[in-house]
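Bear in mind the structure is a predicted one, so any value in this text is a computation, not a measurement.
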Amino acid sequence: AGAARLWTDIVSLVRFATEREDALVPFAERVRERFDGWILQQANRGKTFTAEQRAWLDAIRDHVSANLEIAMDDFEYAPFVKMGGLGKAAKLFGAELSGVMDELNEVLAA
């Protein structure tokens with residue numbers, strides 16, 4: 001995770017230097033804040049998640065923090081494969097999986 005963390009922190013530094021961000025904050029911290037806001041927004045819309053879905057969402061958040069994005073192929077690797085891989089994610093989120101991933105990519109890595 002060291003090289004990935006370095007890369008995402010460089011992204012934060014560039015965003016700060018180009019005045020896209022007003023404060024220099026580690027990328028992982030920014031992603032966590034955005035994720036918490038997204039979860040709150042979902043709750044305000046009446047959308048709730050099961051504990052198992054939330055565990056997946058947390059893992060997706062952590063993946064984006066380290067890799068800048070999430071793709072379906074990423075479910076073939078740790079930690080997702082240990083959680084049941086793409087099949088389990090599809091079962092948990094159904095037809096909403098692709099939309100949730102697209103939305104999280106947009107919101108978290110913005």
side-chain hydrogen bond (donor to acceptor under 3.5 Å, both in side chains) filter on Asp62, not counting sequence neighbours, yields none
Checklist entry - Using 4.0 Å as the upper bound for N to carboxylate O, is an ion pair formed by Asp58 and Arg54? => result yes
All heavy atoms of Phe49 vs all of Ile39, minimum pair found to be CE1-CD1, 4.1 Å
Exercise. Backbone N or O of Ala71 within a donor-acceptor pair of the Asp74 side chain at under 3.5 Å?
Worked result: yes
Compile the donor-acceptor pairs under 3.5 Å between side chains in residues 85-96 and protein atoms, sequence neighbours left out, one pair per line.
from, atom 1, to, atom 2, distance (Å)
Lys88, NZ, Glu52, OE2, 3.2
Glu96, OE1, Lys47, NZ, 3.2

For Trp56 and Gly84, the nearest pair of non-hydrogen atoms, with its separation, is CZ2-N, 4.3 Å
Would a hydrophobic clustering, with Ile, Leu, Val, Met, Phe, Trp and Tyr connected at side-chain separations under 4.5 Å, put Val100 with Met72? yes
Output for pair (Arg34 CZ, Arg61 CZ), nearest 0.5 Å, gives 14.0 Å
(message) I want to check something: taking the side chain as every heavy atom from C-beta on, are Leu57 and Phe35 in contact at a cut-off of under 4.5 Å?
(response) yes
Listed pairs under 3.5 Å, donor-acceptor, residues 102-110 side chains, sequence neighbours left out:
from, atom 1, to, atom 2, distance (Å)
Glu103, OE2, Trp38, NE1, 2.7
Glu103, OE2, Gln42, NE2, 3.3
Asn105, OD1, Ile70, N, 2.7
Asn105, ND2, Ile70, O, 2.8
Asn105, ND2, Met101, O, 3.4

